[in-house]
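Here is the structure we will look at, set down as structure tokens.
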Amino acid sequence: MQRKLLHIFKDDRKYFAIVFFILFTIIISAFVTPVLMENKRENWNKELSDKVKGIESQTIFLFKEKENEILAKSIEIKRRLSRVLSPKNISYGSLIKLVSKEEFKNYSIEIIAPNGKLIAWNEKVAIPQEEIFPLYFPAGEAYFYNTELLDYFTVVDTIHLETDLFYFIISLPIDKHYSLQNPFFEEVSFTKMLSNEFYTQFEIDYNPFQQKTKDGRKYSFEILNKKNNKIGLVTFVKPALDTSVNSLKNQAAIIQSLLVMLGYIFLGFGLRKDYKEIPYRTVRLILFTIYCGVFRVLLYFVGIPSNIIEGSLVEPAYFSSAFAGGIVKSPMEFFITNIFILFISVQAFRYLINYLLEKPQTKKQRDKLSLILVIPLVLFFLITLRGLIAAIRSVIFDSTLRYFKEPDLLPNIPAMVMNLNILVLGISIVLLLCGYVILSNFIIEKYFAKRDSNKRRQFFFLFAGFQIFGVLYVLLQRQPLITPLLNFFFISLVFALSYQVFFIKMKSIYNYVYAALAASVITISLLNYFNLELERESLKTTALEINRPDENLLRFMVMETLSTAAETNEIISLFSKLNTNYNAAAFLIWSNSSLQRESLNSSVIIYDRSMKVLGRFFVGINAESKPEEFFANYPGDETELIEVNRKEDESGIELAGITPIKSRNIILGYISVSAGFDLQNLGAENIPDFLESKKNIINSVIDLRQLNIFEIVDSKLNRTYGDIYPSRDQIKPILNANYSDDNEAWLNLILNEENCLVYALKSESDGIEKITAVSLQEKHFSLNLFNFFKIFIIHIIFILILFVSFFLLQIKRFKYSFRAQLQIAFLLISIVPVVILAVYNRQIVYDRTQSAIFNELNERTNYLVSHIQSQINKDVNRDLNKAFENAGRELQISFSVYETTNQIFNSKEQYYNSGLFTSRINPEAYYHLNYLSYREYLTKEEIENYQYDSFYRKLTIDGKSYILGVNDAFNKVKLTFSTIDIDVFLFGVYSFAALIIIIISTILANNISAPIRRLTKATGSVAHGDFNVELGNKERGEVRELLDGFNSMTKELQKNQAELAEMEREIAWKEMAKQVAHEIKNPLTPMKLAIQQLIFSYKERNKNFDSIFEKVSATILNQIENLSLIASEFSRFGRMPNYKLEELDLIPVINDTVNLFLDEKIKIGIDTTLNSALIEGDKTHIRRLLINLIRNSIQADATLIKIIINWEDGNFSAIINDKGKGIPDEIKDKIFEVNFTTKEKGMGLGLKLAKRFLEGINGSIQLVNSSSSGTTFKITIPMVK
Amino acid sequence: MLGFLGGSSFPQDSNFLNKLDKRHQLNTSQNIFNEIELGISSGNVSAISRFFSSQTYFSLSNGINGYYSSNQAYYVLEDFFKIYKVMLFRFQNVQADDNNPYATGLYNFEFRGKRSTAQVYISLKKAGNNWKITQITIN
């Protein structure tokens, strides 16, 4: 039984056993899971208790980790400070350097002198100086320090130095209360981290006074520091039974899904042998495609990878398409689908190449039916190409990724994966397209094979045919996706690749690298093309966006913000705290609301219960407009909403609302919110970049500053955005345009002498017709090389990885040949200077950029200084703050003024008041200006990962020293290209240049080394006895002389060999004749003597004549016998050649012989399923006979030879088939005869010797068939015993 | 007489037709809101997806903010419903007027074991003969 089972499950069949086991496991799990779920329900109380304890202990562990981290940093600082602050070493410079170190970047560090003054700090200042003392907690203990915006994990410690006592404070942000939806915002939330870790809601009170919750659904526990003092309270929602049961169900489903996948994979392994035994490649390909297709669908239905991985790769927001029921519904799903498509197309391509290499023989050469097949192939080609184009279009339009506007040199992970997706899909499709072309070419070649036609010319006609069909296909479409010109370009690229494969090297692994390059160029061109379309479409999105925020939406957002604020405990509790920073609280409310998400002009104001303003935050709203005055007559008990009365010259909408903040029905205060939208709001130009939302609209596709927008109300121009103010005549076409059912129209207008594309959208509000027209100059559409290189860099990285992988796979076959040496030399000579140039250029551009920033900020500072000075000169008693205010307002420059280290004025007061910016001067700037006596200092600063430049200069007013700080956080210095743009451009251009250099150097190295390689091969052939080698010579110079010399040498050698052979034959014959004469003489002498004796006896009538006669007869017979023996010996000698027989493997001998012809114009393919073919033979003779046969084929104009090695009945056979012109019938019988030859210079011994040798080792050679389409020889050699 | 009657009835008829048409429009946008309400309350994206326009604006609690194509809109909303599982949803205020119909409501959901609510705002716009969703806000 066991043996039977083993027999059933032998070889690949063993995988079926695994499949059965997996199926069995799945069935069992289907029964086990409900049991486990029921078990969970029954034991839930205990399990809940364990879970809660587990969460508590793990949370405490995480807190301890954080505490240890900050305590370790504190100890480190203490140690270093002790050195720096020691009386011998003390230096302010060292102190600043220490606190500004990169390792302390995430911490806030403050150093307090013995006199209680803050003497050093880094860029983040957590605790204001006035709040440090008295200490909240004993020195050396970790605790939580709270602000409205942030909670910190803080340690205050001391350093005793002789009689001095220094304090230092190190704080680590642990929880941010505000959030901003933009790429700069750095999420810091221990609460969220715990929520994600334990999959339940957490709330953390970072103060020691909070009591535990009494809500039975939640659990609270205290956070204790190392000294066991309570510093906070953690509360979390207890895991619910339903959630836990569902989680178990989901886990079981995931395990079952994985098992199904595994089972399917092992099923494939089990059927592998059967698959390989299918003789027809077409059938194999179909089965392979079905297997892959089913696999992909299974993966989708079981939810792999969507249900297993989380994050941006499975977010449909980055990319999703409804194509094929959702198998491309996220970047990761798209990637998985692409991999399967790649498998199928690579397999199809491989099968096609193998089929072509083993072109079957058919008697019918001119098959008209097969020629008709070319037409559907052309159609499939065009449809497949259109499929790729549609896919790339979807990549642009169904994605929020802006491939040409990424801010970084290397894009983020979703963009990187999408770039890879585009490339992989491109490679798959290009291989298929190449396959269609090659197949078409093969069919045509077969049809015209009989005629002596130029194959390359046929290929060109095929190319022309495809192009004509391509143009027709595009023109006949109702909605062509691309232009005929682009279509032409893509078809040309595919044909170039096909040429390389079909005519240069069919079976080279590097064809896939060339396919990748072609795919990259095609897909990036398409991306660029459709991005243009998207830019056009963005005019429509802009118009939609302008019309979107109507009064209803604003009303909703204001009410939503008010109701959320009124219900948030955090906000309510602020009213009962002392020293609340209400400006920060207002910012908190604003940042967490839809006002920030929508980047609207808005304000949040907090009042006390007598309507006195406590704090405010506003963006895009003029501070002088005083939004608090909207509610001067507010009755005070209910939520109220009003429409703000705009001035006559302003349009747009603004709403304001107010609500009381109550706790236990007692009014603690009020919050008012106002929000407005007008045309100037577009692109949130009034809002600083670091606060602006990352909303995915127009400004992510096109630069808003390039748009011109016109708002036409009741046929009159109402408002504009941009620098064009159209005349009445210019807006007439917009009014009279042909609007579609969707109330939209596209026009081309000439505005300011520039061609502009205009999108117009009609809408109606309160019976009044409004038209929003968005226009963009044609020249601002961004089809350019710059964009091309941005994506090309990414593709090149992937292609290089592919190339290096292939190279490493082939490294064993790599020879440090002359060609390789040339190539490396060319690359070194060209690429090294290119790289040096790129690095140098980059540095220059970077320096120039820094210089431009310095100049701009310097200029702004100059304006400010002269404005302030002129004010003071006009009025000596002018209040300084007033002077600063005037300067800031009139010059629209953001700046701060410091007296020593403290800020005394800021033009963007509210951002500092809210706690977003620190009011301490930059410590590096202070050090350089104050201690190193610099006049000015430029530095980079950061808020929420948003980098900006700050310029500081000393200022003296009325004999007093101040420091003026000008930054571009609010109005960025405009550069033509950012450093990132330059990096991308330089990297892209130079990598493209490097690619061109690699291609050219490869071509040059090939061309230069080609004659040397041919010479090497020819020398090898000569060494193996083939003197018929003659090298074609189109070279010039020394190489020509070398090749000529070689040809002469081989001719001479051939002649000498013939003469030598003749001489040797003569000598051999002479020697043999001498030997024969000598041998024959020996028996002849006694024979002569015996006859003479007989004659004498006869004449003498000797009485013993009879006995003498007998004796003489015997002697003569004996000697005749000797002569006969001598003759036999010589005859046998003449038959037997000198062979060196040994056990050898036929396959490598044939391979080595074939390699001698690599540089000749003949393709030789070897086909065998055998791993080895051991025979007993003479390697030299076997090689010689193969060379003979191959040379004969070349002489018969064959360009393709196939050698099939098989084993049958104890013998190895080698069938050599060529596609030459064949052997004429009349000489077929003579080819094995001695001295028969059709060559001018032939000895006529080749085939004869070959036959003799083979028969000598019990083998044979026979001419199987020969005709005008080729000749087949069969060699049979017995296998070694 | 007949002419007078015909003449006087014609404007009435056209008024009547206008009112019918307006009522029809109102009914249609009201019906759309009913279907959307049903779709959201059952977490069924397919019931809502046919009302997506080629560019629909989404502002959702999970950070989705901006315009999405109809292809993307389907999966964006599907993803949202998976994470923020609906417990109960109802429109509290429906303004099915001619030009800018909109509706607001309360979305009760469960997220990581905790129940919470979010404000919903949905607006429609006429595109040809059909009403399409221009904006969905769930905050």
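Below, chains carry the letters A, B, ... as their sequence lines are ordered, and counting in each starts from 1.
- Taking the six-membered ring for Trp, Phe198(A) and Phe236(A) have ring centres at least 6.0 Å apart.
- For Ser54(B), the part lying under 4.5 angstrom from a heavy atom of chain A is the side chain only.
- In this structure, Lys762(A) is positioned above the aromatic face of Tyr739(A), its NZ or CZ under 6.0 Å from the six-membered ring centre and within 45° of the axis.
- No more than 12 heavy-atom neighbours from other residues, nucleotides or ligands sit within 6.0 angstrom of CZ on Phe323(A).
- Of all the listed residues (Ser123(B), Ser69(B), Ala73(B)), the one sharing the greatest number of non-hydrogen pairs under 4.5 Å with chain A is Ser69(B).
- In this structure, the portion of Glu78(B) lying under 4.5 Å from any heavy atom of chain A is its side chain and not its backbone.
- For Gln135(B), the part lying near chain A is the side chain, with the backbone staying farther off; criterion is any non-hydrogen pair under 4.5 Å.
- For an aromatic pair to be called close, the ring centres must be under 6.0 Å apart, and Phe52(B) with Tyr74(B) fails this.
- Among Val120(B), Thr117(B), Asn130(B), the residue with the largest count of heavy-atom pairs under 4.5 Å with chain A is Val120(B).
- Heavy atoms closer than 4.5 Å to chain B are found in both the backbone and the side chain of Tyr199(A).
- Note: Tyr107(B) and Phe80(B) have tilted aromatic rings, judged against thresholds of 30 and 60 degrees for the angle between ring planes.
- When heavy atoms are compared at a cutoff of 4.5 Å, Asp79(B) approaches chain A solely by way of its side chain, counted from C-beta outward.
- For the pair Phe51(B)/Trp131(B), no side-chain contact is recorded, criterion being any heavy-atom separation below 4.5 Å from C-beta on.
- Neither the backbone nor the side chain of Lys132(B) comes within less than 4.5 Å of any heavy atom of chain A.
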| message | Before you tell me yes or no, could you show the steps for Leu544(A) and Thr134(B) under side-chain contact (heavy atoms from CB on, under 4.5 Å), namely the whole-Å CA-CA distance, both residues' side-chain angles and the distance that decides it to 0.1 Å? | response | CA-CA 9 Å; Leu544(A) 288 173; Thr134(B) 50; 6.0 Å; no
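- Residue Phe58(B): no heavy atom, backbone or side chain, is found under 4.5 Å from chain A.
- If you tally non-hydrogen atom pairs under 4.5 Å between each of Thr200(A), Asp398(A), Val237(A), Thr243(A) and chain B, the highest count goes to Asp398(A).
- The residues Glu187(A) and Lys192(A) are annotated as salt-bridged, a charged nitrogen and a carboxylate oxygen being separated by less than 4.0 angstrom.
- For chain B, no part of Asp242(A) is nearby; none of its heavy atoms comes within less than 4.5 Å.
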